Amino acid sequence: MPDSLSRAIRWDTVVGALLIVLLLLSFSFVDGFGNALNLSFLLGNTLPIALIALPMTLLVVSGEIDLSVASTAGLSGAVMGKLWNEGMTIETIIPVCLLLGVVCGLVNGLLVTRLGLPSLAVTIGTLAAYRGIAQIVLGSDAVTDFPSPYLDFAAGRVGDSFLPQAFLPFLVLLAIAVVVLHATPFGRSLFAIGASEEAARFAGVRVKRAKLWLFVTTGFMASLTGVFWALHYASARYDNATGLELSVVAAVLLGGIDFDGGKGTLGGAVAGVFLLGALQNVMSLLNVSAQSQIVVTGVLLVVSVLGPRVARQIAVARAGRRAVTSAQTS
Amino acid sequence: MTVATPPHAPATDVAKSSGTRLVDRVFRMRELAILAVFLVMIVVTQLGNSQFLTEQGIKDLLLNATILVLVATGQSLVVITRNVDLSVGSTLGISAFAAGTHLHGGGDPVVAVALAVLLGIGCGLLNGLLVSLGQVPALVVTLGTLYIIRGIDSIWVGSRQITAADLPDSFVDFGSHGLWAVPWLALIALAVLVATAYYLKHFGSGRELYALGSHPEAARLAGIPVRRRVLFAYTVCGALAGLAGALYLARFGNVDSGTGTGYELTVVSAVVVGGVVFTGGSGSVHGAALGALLLTSINSVLPALGVSSVWVLAINGILLLLAIAVDRVVALRVASALKKRNARHA
Amino acid sequence: MTHPSDPGPTPVLALRDVAKSFGAVRALRSVSLELYAGEVHALAGENGAGKSTLIKTLAGVHRPDAGQVLLDGRPVVFHGPGDARDAGIAVIYQEPTLFPDLSIAENIFMGRQPRRTLGRIDHRATRDATAALMDRLGVELDPDRPARGLSIADQQIVEIAKALSFDARVLIMDEPTAALTGSEVARLFGVVRTLREQGAAVLFISHRLEEIFEICGRVTTLRDGAWIATEPVDGMTEDDLVRRMVGRDLDELYPKQAVTPGDVALSVRRLTREGVFTDVSFEVRRGEIVGLAGLVGAGRTEVARAVFGVDRWDAGEVVVDGRSLTRGAPSTAMAAGLALVPEDRRAQGLVMDMSIERNIGLTGLRTSVRAGLVDRGAERSRSLDWAVRLQVKYARIADAVSTLSGGNQQKVVLAKWLATGPKVLIVDEPTRGIDVGTKAEVHRLLSELAADGVAVLMISSDLPEILGMADRVLVMHEGRLTAEIPRTEATEETVMAAATGRAAA
Amino acid sequence: ATACGGTTKEDVKNDGAGPAASAGKADPGAALKKGLTVGFLPKQVNNPYFTTADKGGEKALAELGSAYKEVGPSSATDTSGQVSYVNTLTQQQVDAIAVSAQDPGALCTALKQAMGNGIKVVTYDSDTTPQCRNAFVSQASAEDLGRTEVQLLAQQIGYRGEIAVLSAAQTATNQNTWIGYMKEELKDPKYKDVKLVKIAYGNDDAQQSFQQTQGLLQEYPDLKGIISPTTVGIKAAAQYLSGSKYKGKVKLTGLGTPNDMRKYVKNGTVDAFELWDPAKLGDLAARTAVALSSGQITGKEGESFQAGGTTYSIGKDGVISLGKPTVFDAENIDRFNF
Ligand SMILES: Nc1ncnc2c1ncn2[C@@H]1O[C@H](COP(=O)(O)OP(=O)(O)OP(=O)(O)O)[C@@H](O)[C@H]1O
Ligand SMILES: Nc1ncnc2c1ncn2[C@@H]1O[C@H](COP(=O)(O)OP(=O)(O)OP(=O)(O)O)[C@@H](O)[C@H]1O
Ligand SMILES: [Mg+2]
Ligand SMILES: [Mg+2]
């Protein structure tokens, strides 16, 4: 009984359930929610957060964090715009930008693993540095005239359905991330690293190498997001995606990923991302003001951590009482 | 430890003299490193621009740092207990506006400041209660209250704003005047800083903040009232954010619903640069204050040297990285010094 | 039941019919215990019998589900450890609970610092009092040194100093000697005797039975959370006590079978780590158990860590089964067939928040894979298999290891490494905190492994264990190997002489 | 195409410039429709400037018998937020959208989708690229603003000395256009003794603008005047100057609201500054939106329509200009309240 109970109150399951309930309610009661156009907007605008949330979840499970993701995205967008203005082909530019993301991640990773600096501090630093470099690179320009096949891909839908074209690659990436985190030895070792780095090292896990990989992957995904962002919104500016890191962090936290490391599931993180995205969409359709939306987001976050805690305490108390009564009767 | 200590050879004398010096030196060293970086920066700037350290220039430097110093002081208390308060920016914003509305309605400046502090205490209590009673991760909770307080602020304030014209002249002047080059605001911040530092070092409950940040479970076993202390740290943090809000109003003479947005990252940077460790239990408020001074000064130094504002952000980030890297190197030195000391001799 | 040696009328501290459960686990069932002023009372029982839980109930950490705590004969309710402390109860917990960032002096006096005017702390008085305590314990620890980086033994010493500083009426010690060597134990017992004479009540837990016989007047035995007996130690034999604890007779404690050593499996050549150990060379052959003895801080653990690759070495070479290892790479050491059971099980041996299954599985991530993915079935059967073989006492294999008793945690660490099927097994204090029954079990296991051709290097501060188990004893002193003594010549005297540096290498 | 067959800039310079004129022809005589819904989407809600503007729009719509609604992000840099609000308005099938774009390009896809759904799009205050909207209501011609600010400052410093500009973000399109015209104006020989020494960026953040002002004064001790063509910048600069020894000595002008600046005009920190009436801007945006929806205009150059008694004509690229800005000084400032 406590077993099934504790499984039921696992927060990622709750978030998933909340998402489903929200979707059902919105489909039935919110005007304009269910049509293909709105759903494609919803998915398209949530995609950048979702894309970065994938590697971020792995990173947080291993006990680290990367706050520089939005700046990395901005930097690759800026470089993309700059190179495009210089007349380079987009087919060369995109790989260059992705490579740049890898370098950004590598810098973070090396500072964290080689110098042993705390990732929170390092990535607050690179958050400013990368954005600053983006500003130096692109300055006040806003580049909008990317080739239309690319723009159409980033903004377009699959036929007349609600799925953005870019959603399909995301699903593939999601599948890869789920398998890596939950089914491979590498993913398993991430949980051990997050929960106790020293014990993981004593068990032969290559802690530094694993973390370096994660930072590099995060940089790569962030720059992929930056490229997608610039194409999706047809605008490359140095301040693209400013503040996105907080949205990602909020969504991942909402999905039940523990920032002390060692706990969480990708399912929870992705549910958190789309729960926040859908909620905002619904609230806008219902004409809830931006200010009230902020409050709702905040309350949701607080509840997301208080809820499971309270539920668990109730469960524990109940189990304890039962044990006492059985001890007395036996 | 060695087995055979001669019964009447108090080895403690040796240990005390060298040990005290070492430990003290160790902790001072980290702050000295920041101070050195700061001084070098100031000197270089003065060499490049003789206008930099005029009376006005010094006053500006101090004024710029004041508000961040206050908030960073409060934040370090919380970080020392292995928690964090991300909602300080929102708290600052809402208390600044509250003080502003009071003054706008012809209220008394002292009451306005008290009002801001009280509101700050309220926000701090909210955070503290959620974190200590709910026993939930501070990062999530305060990210939540960051949104909640900001949202409430925006709903309440709407598009209103308080401008200098709404404020009594005495209050606005207070924000920029002072004793020679030392503004009143900086004196307030200094007083708060010294009091907090003294409290942390010389009072039992102050030391307990370090203890419970260093090892929460052990603190519970040692009978430290963990929840009450955490609540206290958050309350002080909120109060100082509130006070900072009132001073912000005096200094900038302008508050709207966006005041203080994004301030949390600046504060966290200052605290981190100042050597307060995020895993709790170590660091000092004067370190954090130095970190705040360093960070705000960078923003004055670069324009004074004529560096284009395009470069400011990148340089800021790189300096931040440098500062924590230097701190880390110092810490490693310290660790190896300790290890050497540890090598005992029979 | 009668107490023939009742030293006084009212017990200072007592438990009456106390029960405590954790979820489905019934850690204590109707246990009663009386502690009198001026007695040293032992608490004995297997791992997981409920000793630590009992202590935590006395200390106000746990609230009993049923029954009462009596102070001077009156029922009390402790709402937290602070209440118990204020009632004059000092506790040394099984796991050290120091504040790593604070100085030793602050650790000892946290919450009770000597004050000056206005409630300010008197730092100097704190330091002096600490120095005096260290003197009393005969150790040389700098009061201003931060607790971070102290060895387990030194941490234990600080804990003892902390407990002594209370001048408490009741002193409760949960395995205070587990990390200590003979001479420190002797010092501690000297202090305990003084306290007893001054009228304090002492509750003492140890898995080293000889210590119970040396210092205690009465002993209470627990089994599976239930009270078994409380009786005077005089007139009891170790076998009697073991029978109470285990409920049956026990096999020989050190069942070392004689084996003829095979090829060299582990060869360490001129290994040096600057400032930690110097020029360490030795070999371990298949089928051999080599003991590594020395005083606490001699550098044994450091050598083991370097050999396994957790730390880098500066010079020298490690060869396993003919393969030279790269330094600082535990994964290659594992691949070569090396396993290390580390000394600090909570920090190094286990991921406390992870399940038993996952912890045991952690060392097999590389081997139990199918098509690049973790083979969960194989992982589970491997974990279950070893948990059962080592008789780990648990409710569910998916429970977090943090819910296990100390000894059972140690067994999980052993299971995790034995499951890798190592060629060379280094065990660092393998039986620390393990009860006699399991200890015999571990010893049997180690000799079986040796008989199967595994080379075993055993570090232990428990000298009888070393003498009983090892084919050869290596001794370290201040970072150097000072002696190599064959089984036939190894005695307490020869080993201690080398360990204290009195014998030339 | 290039040798490697890649897609380069040259391949895609195809979209015709010019506003997205509606397919149909304008019918200047068409009656103004009633019962329309116009959604206002400012850069940021809760921003006093936009609130005043949108209130102007609300009033005009009430007069015209149409409905008003306002949505928008709570941060002026949340571009994706603004995009999703365009989507929401499209979803809600409003008749027209009046938007002040955070980014000239980023809103394009969404706005085009809106226009594809028959929604008229008017930009005000800050434009998008012309093909993504039907018309742009400009607060004042950029040229007017740029030139008059230089004229104002030059008068105050007696046509002699160093001056600097304190702008908002480096990417702010309107700021950059104005600064361009300032430089043009300075080429006039009468400014031969006036030297523009630096353009600083305060990112529309009070604290940064503050420190940038300090930096300007430290770097150029002989600085005589500052132009800040942003309401946040001028306010911060004025507050700094009024509390420093430079008060009254260093002249400050630019774009500010009378309420923000009243105190500094009165205490002598600022002599004169200018701004258009944001309420009128919102008013005109609303009327343009209704005219578009009613088919009176389509957004082509040369068309004209009546709004609040004045006739406005559409200029190049679909730009409708509000008129000359108002200059505020100690004399007249008390007559304005916004
Ligand atoms: N916090 C807890 N949660 C769940 N179960 C617990 C907890 N603490 C102890 N237990 C369980 O209670 C039982 C008694 O544990 P306890 O630590 O008291 O044993 P012990 O006698 O001290 O053993 P050892 O000699 O190994 O230290 C064990 O089965 C243990 O798993
Ligand atoms: N030669 C030495 N002199 C003084 N201190 C040392 C020496 N070698 C190691 N130490 C320190 O003492 C502590 C204990 O060292 P180590 O664990 O290697 O000793 P050990 O012989 O394994 O003792 P035990 O395992 O019983 O604690 C370590 O923290 C180490 O830093
Ligand atoms: Mg125990
Ligand atoms: Mg050891």
Side-chain angles (χ1 to χ4, degrees), chain A residues 31-33 35 37-38 40-42 44-46 48-49 84-93 135 138-152 154-156 229-230 232-244 247 277 280-281 284-285 287 289-291 293-294, chain D residues 1-15 44-46 69-75 77-93 101-110 112-113 116-117 128-129 132 167 169-173 175-176 179 201 203:
Chain A
D31 265 356
F33 180 83
N35 71 45
L37 190 62
N38 183 58
S40 75
F41 289 154
L42 164 60
N45 289 333
T46 317
I49 298 178
W84 178 248
N85 274 350
E86 308 265 295
M88 216 184 251
T89 68
I90 192 98
E91 288 79 7
T92 355
I93 293 176
Q135 193 177 2
L138 196 60
S140 60
D141 285 355
V143 183
T144 57
D145 53 353
F146 295 109
S148 38
Y150 286 85
L151 295 179
D152 292 346
W229 183 291
H232 183 71
Y233 295 120
S235 169
R237 298 200 318 182
Y238 86 83
D239 60 356
N240 270 4
T242 302
L244 194 69
S247 311
Q280 267 157 19
N281 180 278
S284 299
L285 286 175
N287 293 325
S289 73
Q291 300 92 300
Q293 290 190 20
I294 300 179
Chain D
T2 44
C4 59
T7 325
T8 67
K9 206 169 172 73
E10 277 59 46
D11 302 351
V12 282
K13 286 278 183 207
N14 44 17
D15 288 341
Q44 181 184 22
V45 292
N46 276 357
K69 74 183 286 181
E70 186 197 31
V71 292
S74 53
S75 148
T77 52
D78 179 11
T79 311
S80 71
Q82 212 182 14
V83 171
S84 49
Y85 277 109
V86 173
N87 294 339
T88 307
L89 290 173
T90 311
Q91 221 26 254
Q92 294 175 334
Q93 293 292 326
Q102 284 186 9
D103 179 310
L107 270 66
C108 266
T109 320
K112 281 181 178 164
Q113 222 145 15
N117 279 284
T128 60
T129 41
C132 310
S167 177
Q170 216 193 349
T171 43
T173 340
Q175 302 275 330
N176 292 336
I179 295 171
Y201 299 94
N203 287 323

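These figures come from a predicted structure and were not determined experimentally. Per chain, numbering begins at 1; letters A, B, ... match sequence-line order.
- Ranked by non-hydrogen atom pairs under 4.5 Å with chain D, the options A:S235, A:G243, A:A236, A:S289 are led by A:S235.
- Environment of CG in A:D152: crowded, with over 12 heavy atoms of neighbouring residues, nucleotides or ligands closer than 6.0 Å.
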Verify side chain to side chain contact (heavy atoms under 4.5 Å, CB included) between D:T79 and A:Y233, making sure each step is shown before the conclusion. CA-CA 9 Å; D:T79 311; A:Y233 295 120; 5.7 Å; no
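- The shortest distance between side-chain heavy atoms of A:S284 and D:Y85 falls below 4.5 Å.
- If you tally non-hydrogen atom pairs under 4.5 Å between each of D:V45, D:D103, D:T88, D:T109 and chain A, the highest count goes to D:D103.
- Interface remark: A:L42 contributes no atoms to any contact with chain D (heavy atom separation under 4.5 Å).
- Options A:A241, A:A142, A:G32 differ in how many heavy-atom pairs under 4.5 Å they form with chain D, and the most are formed by A:G32.
- For a residue to count as touching a neighbouring chain, one of its non-hydrogen atoms must lie under 4.5 Å from one of that chain's; by this rule A:Q280 does not touch chain D.
- When every heavy atom of A:A290 is checked against every heavy atom of D:G72, the shortest pair comes out as CB-O, 3.3 Å.
- For D:Q91 and A:N281, the side-chain atoms include no donor-acceptor pair closer than 3.5 Å.
- Contact between D:Q102 and A:R237 at its shortest, heavy atoms only, is O-NH1, 3.3 Å.
- Contact check for D:Q92 versus A:N287: side-chain heavy atoms found under the 4.5 Å cut-off.
- Within the 4.5 Å cutoff, the side chain of A:T144 has no heavy atoms near those of the D:C108 side chain.
- Contact of D:E70 with chain A is not made at all, since no heavy-atom distance falls under 4.5 Å.
- Under the side-chain contact (heavy atoms from CB on, under 4.5 Å) test applied with D:N87, the options A:L285, A:L37, A:N45, A:N38 reduce to a single match, A:N45.
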